[in-house]
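A short worksheet on the structure shown next.
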Amino acid sequence: MPSDSLVPGQPVPLPHGPALQLGSGLYTRDGETRASLFGTPIHQGSSLTIPRLKPHPPASNSVVLGSITRLSPQQAVVSITIVDGVPLPPGEDFTGVIRVQDIRATEKDKVKVGDCFRGGDVIKGLVISLGDARSYYITTARNDLGVIFATSEAGGTMEPVSWQEMRCPKTGKLEKRKCAKPEGL
């Protein structure tokens, strides 16, 4: 997701110069212009709008975000909620599968699904194929793909310390995960 994307309620940085007319996707509260939609503001003549993005199903090479719902020794099942930066409507998520051979690019024979993901982890992945009739095949075999948000056993939000470990800030305990490299590093 680009860094200039806004979420609903976030203040909109207005350019200096003549006052712009606010279009769809924006509102003013307490003298401050805010976004009412997820997206990037666009200048159209003298107006500023945030276009409504239409959700679409995943396709090959779509970047998806989702949460791990089920684990087995051979795969992790993902509930896909965001496709190419566009959130899906509530209740209209898709199912994806990360097979053990699609978790890492190297040492594929040494990968254990339980050491890479836990239930509830939020992952960033890339759709590699449409898979079977029920799910999409997803890979995390790139540095920028993997777990982006996880909760520890103690309930704390985990912080990545390496590509394969996250630390709980409450207890200091390390847990194994296949971490995504944070954007901008």
Side-chain angles (χ1 to χ4, degrees), residues 1-3 5 7 38-39 53-185:
M1 285 182 278
S3 60
S5 290
V7 295
F38 175 84
L53 299 174
K54 303 264 192 272
H56 57 85
S60 288
N61 293 322
S62 289
V63 175
V64 296
L65 297 181
S67 57
I68 303 290
T69 57
R70 201 167 54 244
L71 295 172
S72 76
Q74 294 301 312
Q75 64 187 23
V77 178
V78 179
S79 175
I80 299 169
T81 53
I82 298 178
V83 179
D84 292 326
V86 181
L88 298 171
E92 293 188 21
D93 51 344
F94 294 97
T95 302
V97 172
I98 304 172
R99 301 173 297 184
V100 69
Q101 66 264 30
D102 297 326
I103 294 175
R104 284 201 320 230
T106 59
E107 299 179 335
K108 294 181 181 192
D109 54 332
K110 296 181 183 178
V111 174
K112 292 183 181 172
V113 176
D115 287 344
C116 299
F117 307 111
R118 300 265 170 89
D121 288 356
V122 177
I123 63 103
K124 179 179 181 180
L126 184 73
V127 175
I128 51 177
S129 73
L130 301 181
D132 57 21
R134 294 185 306 266
S135 59
Y136 294 88
Y137 286 139
I138 300 171
T139 183
T140 58
R142 278 191 348 210
N143 289 344
D144 62 325
L145 304 176
V147 176
I148 57 173
F149 177 85
T151 304
S152 69
E153 293 173 357
T157 301
M158 306 278 281
E159 301 166 343
V161 292
S162 73
W163 67 272
Q164 61 182 0
E165 287 182 322
M166 294 182 106
R167 178 182 298 130
C168 173
K170 288 183 177 180
T171 64
K173 183 179 173 188
L174 293 175
E175 292 183 19
K176 290 190 171 200
R177 297 288 202 286
K178 195 295 183 184
C179 301
K181 182 178 178 182
E183 289 182 22
L185 289 181

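Residue numbers run from 1 in the order of the sequence given.
Ser79 contributes atom OG, which lies 11.5 Å from atom CG of Leu65 (distance to the nearest 0.5 angstrom). Remark: Arg70 CZ to Gln75 CD distance equals 7.5 Å, nearest 0.5 Å. In this structure, CZ in Arg167 is found 9.5 Å from OG in Ser162, a value given to the nearest 0.5 Å. A distance of 7.0 Å separates CD1 in Ile148 from NZ in Lys124, rounded to the nearest 0.5 Å. For the atom pair Met158 CE and Ser152 OG, the distance stands at 5.5 Å (nearest 0.5 Å). Distance check: Thr139 OG1 to Leu145 CG gives 7.0 Å after rounding to the nearest 0.5 Å.
For Pro73 against Val113, the heavy-atom pair with the smallest separation is O-CG2, 3.5 Å. Residue Asp144 comes nearest to Ala180 through the heavy atom pair O-CB, 3.5 Å, listed as atom of the first residue, atom of the second, then distance. The nearest pair of heavy atoms linking Lys170 to Ala154 is NZ-O, 3.8 Å. When all heavy atoms of Val127 and Pro58 are compared, the pair lying nearest together is CG2-CB, 3.9 Å. Residues Arg177 and Phe117 come closest through the heavy atom pair CD-CA, 4.4 Å. In plain terms, the two heavy atoms of Pro87 and Pro55 that are nearest each other are O-CB, 3.8 Å.
Annotation for Asn143: atom CG does not count as buried by contact number, only 12 or fewer foreign heavy atoms lying within 6.0 Å.
By the side chain to side chain contact (heavy atoms under 4.5 Å, CB included) test, Thr95 is found to be paired with Val77, Ser135, residues two or more places apart in sequence or in another chain being considered.
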Derivation and outcome, side-chain contact (heavy atoms from CB on, under 4.5 Å), residues Asp102 and Ile138
CA-CA 7 Å; Asp102 297 326; Ile138 300 171; over 6 Å; no
task = Please test His56 against Asp84 for side-chain contact (heavy atoms from CB on, under 4.5 Å), starting from the C-alpha separation and ending with a verdict.
result = CA-CA 9 Å; His56 57 85; Asp84 292 326; 3.2 Å; yes
- Message: Set out, in order, the CA-CA distance, both residues' side-chain angles and the distance that settles salt bridge (Lys or Arg N to Asp or Glu O under 4.0 Å) for Glu175 and Lys173, then state yes or no.
- Response: CA-CA 7 Å; Glu175 292 183 19; Lys173 183 179 173 188; 5.1 Å; no
Pair Ile68-Arg118, side-chain contact (heavy atoms from CB on, under 4.5 Å): steps then yes or no: CA-CA 7 Å; Ile68 303 290; Arg118 300 265 170 89; over 6 Å; no
Could you walk me through whether Lys54 and Val86 satisfy the side-chain contact (heavy atoms from CB on, under 4.5 Å) test, starting with their C-alpha distance in whole Å, then the side-chain angles of each, then the deciding distance to 0.1 Å, before giving a yes or no? CA-CA 7 Å; Lys54 303 264 192 272; Val86 181; over 6 Å; no
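For residues 144-183, no residue pair satisfies the ring-ring contact (aromatic ring centres under 6.0 Å, His included) rule, not counting sequence neighbours. Pairs of residues two or more places apart, or lying in two chains, that qualify as ring-ring contact (aromatic ring centres under 6.0 Å, His included) and include a residue from residues 74-116 are Phe94-Tyr136.
Using modelled atom types and a 3.5 Å distance limit, the side chains of Thr81 and Asp93 yield no donor-acceptor pair.
Evaluated for a side-chain contact (heavy atoms from CB on, under 4.5 Å) with Val78, the options Ile98, Val97, Thr140, Asp121 yield exactly one hit, Ile98.
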